[in-house]
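First comes the structure, then the notes that go with it.
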Amino acid sequence: MTARKIIIDTDPGQDDAVAILLALASPEEIEVLGLTAVAGNVPLALTQKNARIVCELAGRPETRVFAGCDAPLARKLVTAEHVHGKTGLDGPTLPDPTMQLQDGHAVDFIIDTLRAEPSGTVTLCPLGPLTNIAVALQRAPDIAGRIQEIVLMGGAYFEVGNITPTAEFNIYVDPEAAKIVFACGAPITVMPLDVTHKALVTKPRNDAFRALDTPVGLAVAEMTDFFERFDKEKYGSDGAPLHDPCVTAYLIDPNLFTGRHINVEIETRSELTLGMTVADWWGVTDRAPNATFMGDLDSDGFFTLLTDRIARL
Ligand SMILES: [Ca+2]
C-alpha cells in the first residue's frame, strides 16, 4: 500500500504528542505533510511550540509545523491545564525546539495542500478543537470535495462528556466549528470518548513504554504518568486514556476499531448541552448519516501496535 498523506491538526497535549509520534514512526502507512497547531488544551503559543518539541523528540525536525487560529470562531477559548499541566506537555523534561515555525497560516497550508494534491488523496486528522478546519472550509468551500477523509478525536455518545456533563472537550471548545465540519460532506470518522476511554494506559502498558529504555519511550511513559493522575482521580480508572493516538492508529490498522455509520449533529445553542455530539446510534431519526462513529476498539492490539512503533523512534 502507498502511505496515506495526512495533515495533523493538533493542540498538544500529551496524548496529541503520542498520536504524532505514532504517525512519524509509521512511514509505510502514513506520510505527514505537516502539522497545524490550534488553540485548545493550552493557548496557541504553547501548542505550536509543543508540536515542534514533539517533532524534535521523534528525530524529525524537517516536519513542517504551522500556527493556526488562536481562538474559537465565536467564543472565548477554554483550555485544559487542569488535565495537561501548565505547558500542555507536563511530565518529561524536553528541550525547547530549535526547528522554526513555518511562515504562513495553518489555514492557508490546509487549503493550499488540498488544492495542490490530487483530489481525494489528503486526509485531515484533527486532534483538537475544529477551528482551523472550519475556517479552511468557510474560506475555501471547494476543498470539502477534495478531502479523502477527516479522522478526528472528539465527541461522545455513551460516555456523554468530560469537560461538561454532556460535552467532550474538543467539540465543546468550538461547537460552531464542529457544526461546520460535520456538515461539510467529506467522509468523517470519529473517535469519541466511547472509544478513547478504552485506550487506557494501565501500569503494565506504561511499564512497556518505559522498558523500551529509549528517550522517546521514556518521554511517553513520563507524559502518561503526568496525564493519568487526572483520570485516576476523576474516573477511578486504571490509567490515562490515550485519546488522540486512536486517530493515527486507525490510519495504520482500521480493523482495531468498530463503529456505525450514523448521523451526528452538534448542539450549539443549549445552555446545558452545548457542544454535545447528538449521535443517532440507534437510528431513531431519518437524518442522513454523515459520520462513522466508533464505539469499540481492540485495546490490546492498539497498545501492541503503539509500543512496537514507539520503539522505532
Ligand atoms: Ca488534542
Side-chain angles (χ1 to χ4, degrees), residues 6-24 32 34-55 57-58 65-72 77-91 106 110 123-134 150-156 159 161-163 167-175 177-178 181 189-197 199-201 220 223-224 226-228 230-231 240-251 275 277 294 306:
I6 72 168
I7 296 172
I8 301 178
D9 188 72
T10 178
D11 64 336
Q14 291 88 350
D15 60 319
D16 300 72
V18 179
I20 294 164
L21 292 169
L22 176 58
L24 292 175
V32 180
L35 306 188
T36 52
V38 68
N41 288 325
V42 286
L44 181 68
L46 288 169
T47 61
Q48 57 91 344
K49 177 182 169 190
N50 291 344
R52 289 180 292 137
I53 290 174
V54 174
C55 291
L57 175 64
V65 177
F66 296 83
C69 299
D70 63 1
L77 178 64
V78 176
T79 53
E81 283 88 354
H82 64 295
V83 181
H84 301 276
K86 214 158 71 96
T87 68
L89 272 190
D90 280 22
I110 292 167
T123 294
L124 303 180
C125 299
L127 308 178
L130 289 158
T131 319
N132 285 344
I133 312 299
I150 299 172
V151 185
L152 67 91
M153 190 277 137
E159 291 279 317
N162 58 0
I163 186 76
E168 178 278 330
F169 178 80
N170 288 345
I171 306 296
Y172 177 77
V173 171
D174 200 344
V181 171
T189 296
V190 183
M191 296 295 167
L193 296 180
D194 310 325
V195 165
T196 69
H197 277 173
L200 276 189
V201 189
V220 169
M223 283 192 269
T224 308
F226 180 85
F227 188 46
E228 73 174 12
F230 171 78
D231 288 274
L242 282 181
H243 304 286
D244 294 342
C246 291
V247 168
T248 42
Y250 172 79
L251 300 178
T277 43
M294 292 303 176
L306 184 56

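As the structure lists them, so they are numbered: ligands from 1, and atoms in each ligand from 1. For clarity, every value in this text was computed on a predicted model and none was experimentally measured.
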Work out which heavy atom in H84 is nearest to a heavy atom in N41; give both atom names and the distance. NE2-OD1, 3.1 Å
Closest heavy-atom contact between A17 and L89? CB-CD2, 3.9 Å
Any N/O/S atom of D244 sitting less than 3.0 Å from the Ca ion (ligand 1), backbone or side chain? yes
So what does the D16 OD1 - the Ca ion (ligand 1) - L127 O angle come to, to 10°? 140°
Write the atom name of the N, O or S atom in D11 that is nearest the Ca ion (ligand 1). OD1
Can you name the closest pair of heavy atoms from P175 and G275 and give their distance? CB-CA, 4.1 Å
Does a side-chain heavy-atom distance below 4.5 Å link I163 with E168? no
